[in-house]
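We name chains A, B, ... by the order of the sequence lines, and we start the count at 1 in each one.
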2 protein chains.
Amino acid sequence: MLKNMERSTRQRQAIRQVMQELNRPLSPSEVLEAARHKVPGLGIATVYRTLKGLVEEGSAIPVELPGEAPRYELSGKKHHHHFHCTYCGKVFELEGCPGDFSFMAPQGFKTERHEIVLYGRCTQCLNPHP
Amino acid sequence: MLKNMERSTRQRQAIRQVMQELNRPLSPSEVLEAARHKVPGLGIATVYRTLKGLVEEGSAIPVELPGEAPRYELSGKKHHHHFHCTYCGKVFELEGCPGDFSFMAPQGFKTERHEIVLYGRCTQCLNPHP
DNA sequence: GACAGAATGATAATGAGTTATCATTATGAA
DNA sequence: TTCATAATGATAACTCATTATCATTCTGTC
(Lines give C-alpha, C1' and ligand atoms only; values in the text may rest on other atoms or scores of the structure.)
Protein backbone atom coordinates (compact mmCIF):
# COMPACT_ATOMS: atom_id res chain seq x y z
CA MET A 1 0.00 0.00 0.00
CA LEU A 2 1.56 3.21 -1.17
CA LYS A 3 1.35 6.80 -0.04
CA ASN A 4 2.96 9.75 -1.76
CA MET A 5 4.48 9.71 -5.22
CA GLU A 6 3.24 6.17 -5.35
CA ARG A 7 3.40 5.25 -8.99
CA SER A 8 6.57 5.08 -11.00
CA THR A 9 5.82 6.81 -14.27
CA ARG A 10 8.04 7.56 -17.24
CA GLN A 11 7.66 11.26 -16.41
CA ARG A 12 8.87 10.93 -12.84
CA GLN A 13 11.71 8.68 -13.80
CA ALA A 14 12.82 11.16 -16.44
CA ILE A 15 12.69 14.08 -14.00
CA ARG A 16 14.72 12.25 -11.37
CA GLN A 17 17.24 11.15 -13.96
CA VAL A 18 17.67 14.66 -15.30
CA MET A 19 18.33 15.98 -11.83
CA GLN A 20 20.93 13.30 -11.16
CA GLU A 21 22.63 13.63 -14.51
CA LEU A 22 22.86 17.40 -14.66
CA ASN A 23 23.76 17.57 -10.98
CA ARG A 24 23.10 21.28 -10.52
CA PRO A 25 20.12 23.27 -9.29
CA LEU A 26 17.51 23.30 -12.04
CA SER A 27 14.54 25.56 -12.56
CA PRO A 28 11.23 23.90 -13.44
CA SER A 29 11.62 25.02 -17.04
CA GLU A 30 15.17 23.63 -17.19
CA VAL A 31 13.83 20.34 -15.89
CA LEU A 32 11.05 20.44 -18.46
CA GLU A 33 13.42 21.10 -21.34
CA ALA A 34 15.89 18.41 -20.31
CA ALA A 35 13.30 15.79 -19.42
CA ARG A 36 11.46 16.28 -22.69
CA HIS A 37 14.40 14.65 -24.42
CA LYS A 38 13.35 11.50 -22.58
CA VAL A 39 9.58 12.01 -22.51
CA PRO A 40 8.66 14.29 -25.41
CA GLY A 41 5.10 15.15 -24.41
CA LEU A 42 5.98 16.09 -20.82
CA GLY A 43 4.01 19.03 -19.45
CA ILE A 44 5.11 21.78 -17.11
CA ALA A 45 2.39 20.94 -14.60
CA THR A 46 3.86 17.50 -14.14
CA VAL A 47 7.26 19.02 -13.56
CA TYR A 48 5.89 21.28 -10.83
CA ARG A 49 3.93 18.44 -9.27
CA THR A 50 6.90 16.11 -9.31
CA LEU A 51 9.32 18.67 -7.90
CA LYS A 52 6.85 19.42 -5.14
CA GLY A 53 6.56 15.72 -4.39
CA LEU A 54 10.33 15.26 -4.35
CA VAL A 55 10.68 18.14 -1.89
CA GLU A 56 7.91 16.77 0.33
CA GLU A 57 9.43 13.32 0.45
CA GLY A 58 12.81 14.91 1.21
CA SER A 59 14.71 13.83 -1.88
CA ALA A 60 15.02 17.33 -3.33
CA ILE A 61 15.47 20.77 -1.86
CA PRO A 62 14.66 24.20 -3.24
CA VAL A 63 17.60 26.49 -3.94
CA GLU A 64 16.81 30.18 -3.73
CA LEU A 65 19.10 32.70 -5.35
CA PRO A 66 18.75 36.49 -5.32
CA GLY A 67 16.18 37.75 -7.79
CA GLU A 68 15.43 34.30 -9.16
CA ALA A 69 12.60 31.83 -8.90
CA PRO A 70 13.54 28.73 -6.92
CA ARG A 71 15.60 25.99 -8.49
CA TYR A 72 15.76 22.42 -7.23
CA GLU A 73 18.59 20.04 -6.51
CA LEU A 74 18.70 16.53 -5.11
CA SER A 75 19.17 16.45 -1.36
CA GLY A 76 21.80 14.65 0.66
CA LYS A 77 24.70 16.84 -0.30
CA LYS A 78 26.78 18.47 2.37
CA HIS A 79 26.91 22.20 3.07
CA HIS A 80 27.80 23.99 -0.13
CA HIS A 81 27.18 27.16 -2.13
CA HIS A 82 26.52 28.11 -5.73
CA PHE A 83 27.97 29.79 -8.78
CA HIS A 84 25.62 31.64 -11.10
CA CYS A 85 26.86 32.15 -14.65
CA THR A 86 25.71 35.59 -15.70
CA TYR A 87 25.98 34.65 -19.35
CA CYS A 88 24.07 31.37 -19.74
CA GLY A 89 22.14 31.69 -16.47
CA LYS A 90 23.03 28.21 -15.27
CA VAL A 91 23.70 27.62 -11.60
CA PHE A 92 26.50 25.29 -10.51
CA GLU A 93 27.33 23.69 -7.24
CA LEU A 94 30.50 24.65 -5.44
CA GLU A 95 32.39 22.32 -3.18
CA GLY A 96 33.18 23.21 0.36
CA CYS A 97 32.76 26.43 2.27
CA PRO A 98 35.35 28.86 3.68
CA GLY A 99 33.77 28.54 7.11
CA ASP A 100 31.87 30.55 9.63
CA PHE A 101 30.82 34.14 9.01
CA SER A 102 29.36 35.01 12.40
CA PHE A 103 32.14 37.54 12.94
CA MET A 104 30.62 39.70 10.21
CA ALA A 105 27.40 40.25 12.15
CA PRO A 106 27.03 43.29 14.41
CA GLN A 107 27.36 43.01 18.18
CA GLY A 108 24.35 41.30 19.70
CA PHE A 109 23.20 39.58 16.52
CA LYS A 110 23.03 35.79 16.42
CA THR A 111 24.02 34.23 13.11
CA GLU A 112 22.47 30.87 12.37
CA ARG A 113 23.40 30.23 8.78
CA HIS A 114 24.77 31.87 5.66
CA GLU A 115 24.54 31.79 1.91
CA ILE A 116 27.26 32.63 -0.58
CA VAL A 117 26.67 33.11 -4.28
CA LEU A 118 29.44 33.68 -6.79
CA TYR A 119 28.68 35.37 -10.10
CA GLY A 120 30.73 35.20 -13.25
CA ARG A 121 31.29 33.07 -16.33
CA CYS A 122 31.28 29.32 -16.45
CA THR A 123 33.78 27.33 -18.51
CA GLN A 124 31.44 26.74 -21.42
CA CYS A 125 30.67 30.43 -21.71
CA LEU A 126 34.35 31.39 -21.53
CA ASN A 127 35.37 28.76 -24.12
CA PRO A 128 32.52 28.46 -26.58
CA HIS A 129 34.68 26.51 -29.10
CA PRO A 130 36.42 23.74 -27.16
CA MET B 1 14.33 73.54 -17.12
CA LEU B 2 14.08 70.28 -15.30
CA LYS B 3 14.32 66.63 -16.26
CA ASN B 4 13.75 63.56 -14.15
CA MET B 5 12.40 63.57 -10.59
CA GLU B 6 12.26 67.28 -11.12
CA ARG B 7 9.98 68.49 -8.41
CA SER B 8 10.68 68.30 -4.73
CA THR B 9 7.49 67.04 -3.14
CA ARG B 10 6.70 66.20 0.45
CA GLN B 11 6.33 62.59 -0.60
CA ARG B 12 9.76 62.34 -2.20
CA GLN B 13 11.40 64.13 0.68
CA ALA B 14 9.78 61.75 3.14
CA ILE B 15 10.90 58.70 1.18
CA ARG B 16 14.49 59.88 0.92
CA GLN B 17 14.52 60.76 4.62
CA VAL B 18 13.20 57.37 5.62
CA MET B 19 15.89 55.64 3.60
CA GLN B 20 18.60 57.75 5.20
CA GLU B 21 17.27 57.44 8.71
CA LEU B 22 16.62 53.71 8.74
CA ASN B 23 19.83 53.05 6.84
CA ARG B 24 19.05 49.51 5.81
CA PRO B 25 17.55 47.94 2.67
CA LEU B 26 13.82 48.61 2.68
CA SER B 27 11.03 46.97 0.76
CA PRO B 28 8.47 49.24 -0.91
CA SER B 29 5.95 48.42 1.81
CA GLU B 30 8.47 49.17 4.56
CA VAL B 31 9.13 52.51 2.90
CA LEU B 32 5.39 53.15 2.68
CA GLU B 33 4.80 52.34 6.31
CA ALA B 34 7.69 54.47 7.56
CA ALA B 35 7.09 57.40 5.24
CA ARG B 36 3.41 57.55 6.13
CA HIS B 37 4.47 58.79 9.56
CA LYS B 38 5.66 61.89 7.75
CA VAL B 39 3.09 62.04 4.94
CA PRO B 40 -0.05 60.23 6.11
CA GLY B 41 -1.88 59.93 2.81
CA LEU B 42 1.11 58.52 0.93
CA GLY B 43 0.21 55.87 -1.64
CA ILE B 44 2.11 52.76 -2.63
CA ALA B 45 2.23 53.83 -6.27
CA THR B 46 4.20 56.91 -5.30
CA VAL B 47 6.63 54.75 -3.36
CA TYR B 48 7.24 52.53 -6.37
CA ARG B 49 7.57 55.52 -8.68
CA THR B 50 9.98 57.28 -6.37
CA LEU B 51 12.13 54.21 -5.77
CA LYS B 52 12.31 53.66 -9.50
CA GLY B 53 13.33 57.27 -9.98
CA LEU B 54 15.99 57.07 -7.27
CA VAL B 55 17.46 53.98 -8.90
CA GLU B 56 17.44 55.60 -12.34
CA GLU B 57 19.19 58.71 -11.10
CA GLY B 58 21.71 56.53 -9.30
CA SER B 59 20.97 57.51 -5.73
CA ALA B 60 19.49 54.17 -4.73
CA ILE B 61 20.23 50.58 -5.64
CA PRO B 62 18.06 47.47 -5.51
CA VAL B 63 19.13 44.77 -3.04
CA GLU B 64 18.07 41.28 -4.02
CA LEU B 65 18.02 38.53 -1.43
CA PRO B 66 17.14 34.87 -1.98
CA GLY B 67 13.43 34.29 -2.21
CA GLU B 68 12.55 37.91 -1.53
CA ALA B 69 11.23 40.80 -3.55
CA PRO B 70 13.83 43.53 -4.06
CA ARG B 71 14.60 46.00 -1.32
CA TYR B 72 16.27 49.36 -1.84
CA GLU B 73 19.11 51.16 -0.14
CA LEU B 74 20.84 54.46 -0.80
CA SER B 75 23.87 54.16 -3.03
CA GLY B 76 27.41 55.29 -2.41
CA LYS B 77 28.26 52.74 0.22
CA LYS B 78 31.27 50.58 -0.22
CA HIS B 79 31.21 46.84 -0.85
CA HIS B 80 29.18 45.18 1.87
CA HIS B 81 26.77 42.34 2.57
CA HIS B 82 23.55 41.80 4.49
CA PHE B 83 22.03 40.15 7.51
CA HIS B 84 18.46 38.91 7.30
CA CYS B 85 16.66 38.52 10.61
CA THR B 86 14.52 35.42 10.27
CA TYR B 87 12.25 36.60 13.06
CA CYS B 88 11.27 40.18 12.17
CA GLY B 89 12.25 39.95 8.51
CA LYS B 90 14.34 43.11 8.56
CA VAL B 91 17.53 43.25 6.55
CA PHE B 92 20.60 44.97 7.97
CA GLU B 93 23.81 46.14 6.41
CA LEU B 94 27.04 44.47 7.41
CA GLU B 95 30.37 46.25 7.40
CA GLY B 96 33.30 44.94 5.49
CA CYS B 97 33.82 41.71 3.63
CA PRO B 98 36.14 38.78 4.35
CA GLY B 99 37.60 39.11 0.87
CA ASP B 100 37.78 37.29 -2.40
CA PHE B 101 35.99 34.01 -3.01
CA SER B 102 37.27 33.15 -6.45
CA PHE B 103 39.09 30.15 -5.04
CA MET B 104 35.71 28.52 -4.43
CA ALA B 105 34.88 28.40 -8.13
CA PRO B 106 35.71 25.33 -10.21
CA GLN B 107 38.71 25.26 -12.56
CA GLY B 108 38.06 27.38 -15.62
CA PHE B 109 35.32 29.50 -14.11
CA LYS B 110 35.81 33.24 -13.87
CA THR B 111 34.35 34.84 -10.74
CA GLU B 112 33.36 38.47 -11.07
CA ARG B 113 31.52 39.19 -7.87
CA HIS B 114 29.91 37.55 -4.88
CA GLU B 115 27.08 37.95 -2.44
CA ILE B 116 26.94 36.83 1.16
CA VAL B 117 23.80 36.76 3.25
CA LEU B 118 23.77 35.90 6.93
CA TYR B 119 20.57 34.64 8.54
CA GLY B 120 19.71 34.72 12.21
CA ARG B 121 18.26 36.96 14.90
CA CYS B 122 18.84 40.67 15.25
CA THR B 123 19.40 42.34 18.60
CA GLN B 124 15.84 43.57 18.97
CA CYS B 125 14.45 40.11 18.35
CA LEU B 126 16.88 38.52 20.82
CA ASN B 127 16.19 41.13 23.53
CA PRO B 128 12.55 42.12 23.20
CA HIS B 129 12.53 43.83 26.66
CA PRO B 130 15.59 46.06 26.87
C1' DG C 1 -6.84 -8.74 -19.51
C1' DA C 2 -9.87 -5.88 -16.49
C1' DC C 3 -10.30 -2.28 -13.43
C1' DA C 4 -9.83 1.47 -9.67
C1' DG C 5 -7.89 5.37 -9.25
C1' DA C 6 -3.35 7.78 -9.53
C1' DA C 7 -0.99 10.53 -12.95
C1' DT C 8 -0.86 13.32 -16.93
C1' DG C 9 -1.25 17.46 -20.04
C1' DA C 10 -3.66 21.49 -21.52
C1' DT C 11 -5.07 25.38 -19.78
C1' DA C 12 -7.75 28.33 -16.64
C1' DA C 13 -7.18 30.38 -12.30
C1' DT C 14 -4.53 32.32 -8.67
C1' DG C 15 -1.45 35.41 -6.05
C1' DA C 16 2.15 38.62 -5.14
C1' DG C 17 4.50 42.29 -6.80
C1' DT C 18 4.69 45.97 -9.83
C1' DT C 19 3.07 49.23 -13.44
C1' DA C 20 -0.44 51.94 -16.06
C1' DT C 21 -4.36 54.93 -16.07
C1' DC C 22 -6.59 59.06 -15.04
C1' DA C 23 -8.95 62.60 -12.51
C1' DT C 24 -7.26 65.66 -9.05
C1' DT C 25 -3.69 68.26 -6.55
C1' DA C 26 0.49 70.72 -5.92
C1' DT C 27 5.05 72.63 -7.54
C1' DG C 28 7.75 76.23 -9.19
C1' DA C 29 8.74 79.49 -13.04
C1' DA C 30 7.00 83.73 -14.70
C1' DT D 1 -0.90 85.21 -8.10
C1' DT D 2 -1.23 82.68 -12.29
C1' DC D 3 -0.61 78.79 -14.93
C1' DA D 4 1.46 74.77 -17.37
C1' DT D 5 2.34 70.55 -16.17
C1' DA D 6 4.63 67.25 -13.01
C1' DA D 7 3.18 64.48 -9.21
C1' DT D 8 -0.11 62.09 -6.52
C1' DG D 9 -3.41 58.41 -4.94
C1' DA D 10 -6.85 55.03 -5.93
C1' DT D 11 -7.29 51.29 -8.37
C1' DA D 12 -7.41 48.63 -12.63
C1' DA D 13 -4.33 46.10 -15.28
C1' DC D 14 -0.45 43.49 -15.98
C1' DT D 15 3.45 39.91 -15.35
C1' DC D 16 5.22 35.79 -14.18
C1' DA D 17 5.56 31.76 -11.43
C1' DT D 18 2.81 28.45 -9.55
C1' DT D 19 -1.47 25.80 -8.59
C1' DA D 20 -6.16 23.99 -9.62
C1' DT D 21 -9.28 21.84 -12.76
C1' DC D 22 -10.76 18.14 -15.46
C1' DA D 23 -11.15 14.96 -19.23
C1' DT D 24 -8.07 11.41 -20.66
C1' DT D 25 -4.32 8.07 -20.11
C1' DC D 26 -1.56 4.93 -17.66
C1' DT D 27 0.06 2.01 -13.59
C1' DG D 28 -0.10 -1.73 -10.84
C1' DT D 29 -3.04 -4.99 -8.48
C1' DC D 30 -6.23 -8.55 -9.02
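- Distance B:Leu42 CG to D:dT8 P: 8 Å, rounded to the nearest Å.
- Between B:Gln13 atom CD and C:dG28 atom C1' there is a gap of 13 Å when expressed in whole angstrom units.
- Scanning both residues, B:Ala35 and B:Ile15, for their nearest heavy atoms gives CB-CG1, 4.3 Å.
- Atom CG in A:Leu26 sits 8.5 Å away from atom CG in A:Leu74 (nearest 0.5 Å).
- The main-chain N or O of B:Arg71 is never found under 3.5 Å from a side-chain atom of B:Ser27 such that the two would form a donor-acceptor pair.
- Between the CG atom of B:Leu65 and the C1' atom of C:dG17 there is a distance of 16 Å, given to the nearest Å.
- The CZ atom of A:Arg10 sits 15 Å away from the C1' atom of C:dA6 (whole-angstrom rounding).
- Rounded to an integer number of Å, the gap from A:Leu54 CG to D:dT18 C1' is 16 Å.
- Nearest nucleotide to the side chain of A:Arg49, out of C:dA10, D:dG9, C:dG28: C:dA10.
- Between the side chains of B:Glu115 and A:His84, not a single donor N or O lies within less than 3.5 Å of an accepting N or O.
- The main-chain N or O of B:Tyr87 is never found under 3.5 Å from a side-chain atom of B:Arg121 such that the two would form a donor-acceptor pair.
- Counting only heavy atoms from C-beta on, B:Ala69 has its side chain closest to C:dT18 among D:dG9, C:dT18, C:dT8.
- Rounding to the nearest 0.5 Å gives a distance of 4.0 Å between CD of A:Glu73 and NE2 of A:His82.
- The side chain of B:Arg12 lies closest to D:dT8, out of D:dT8, C:dG17, C:dA20.
- Phosphate proximity of D:dT8 to B:Thr9: present, with a side-chain N or O under 4.0 Å from OP1 or OP2.
- For DNA chain D, the residues of residues 32-41 of chain B within the heavy-atom distance limit of 4.0 Å (strictly under) are B:Gly41, sorted by number.
- Distance A:Glu68 CD to D:dT18 P: 11 Å, rounded to the nearest Å.
- Without hydrogens or angle criteria, B:Arg36 side chain to B:Leu42 main chain gives a donor-acceptor distance under 3.5 Å.
- Bending across the helix from C:dG1-D:dC30 to C:dA30-D:dT1, expressed as the angle between its end axes from five pairs apiece, amounts to 40° (10° rounding).
- Ion pair A:Arg16/A:Glu57 flagged as a salt bridge, since at least one NZ, NE, NH1 or NH2 atom sits closer than 4.0 Å to an Asp/Glu carboxylate oxygen.
- Side-chain atoms of B:Arg7 come within donor-acceptor range of the base of D:dT5, with a qualifying N/O pair under 3.5 Å.
- Per the geometry, CZ belonging to B:Arg71 stands 11 Å off P belonging to C:dT18, to the nearest Å.
- Counting only heavy atoms from C-beta on, A:Ile44 has its side chain closest to C:dT11 among C:dA20, D:dG9, C:dT11.
- Atom CD of A:Glu56 and atom C1' of D:dT19 are 13 Å apart (whole Å).
- Around the NZ atom of A:Lys110, the shell of radius 6.0 Å holds no more than 12 heavy atoms that belong to other residues, nucleotides or ligands.
- Put simply, B:Gln11 has no side-chain N or O that comes within less than 4.0 Å of OP1 or OP2 on C:dA26.
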Counting only pairs under 3.5 Å, give me each side-chain donor-acceptor contact of residues 92-106 of chain A, with atom names and distances, residues two or more places apart or in other chains.
residue	atom	partner	partner atom	Å
A:Glu93	OE2	A:Lys77	NZ	2.7
A:Asp100	OD1	A:Ser102	N	3.3
A:Asp100	OD1	A:Ser102	OG	2.7
A:Asp100	OD2	A:Ser102	OG	2.9

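- When heavy atoms are screened at a 4.0 angstrom cut-off, A:Ala45 is found touching base atoms of the nucleic acid.
- The phosphate of D:dT18 has OP1 or OP2 within less than 4.0 Å of a side-chain N or O from A:Tyr48.
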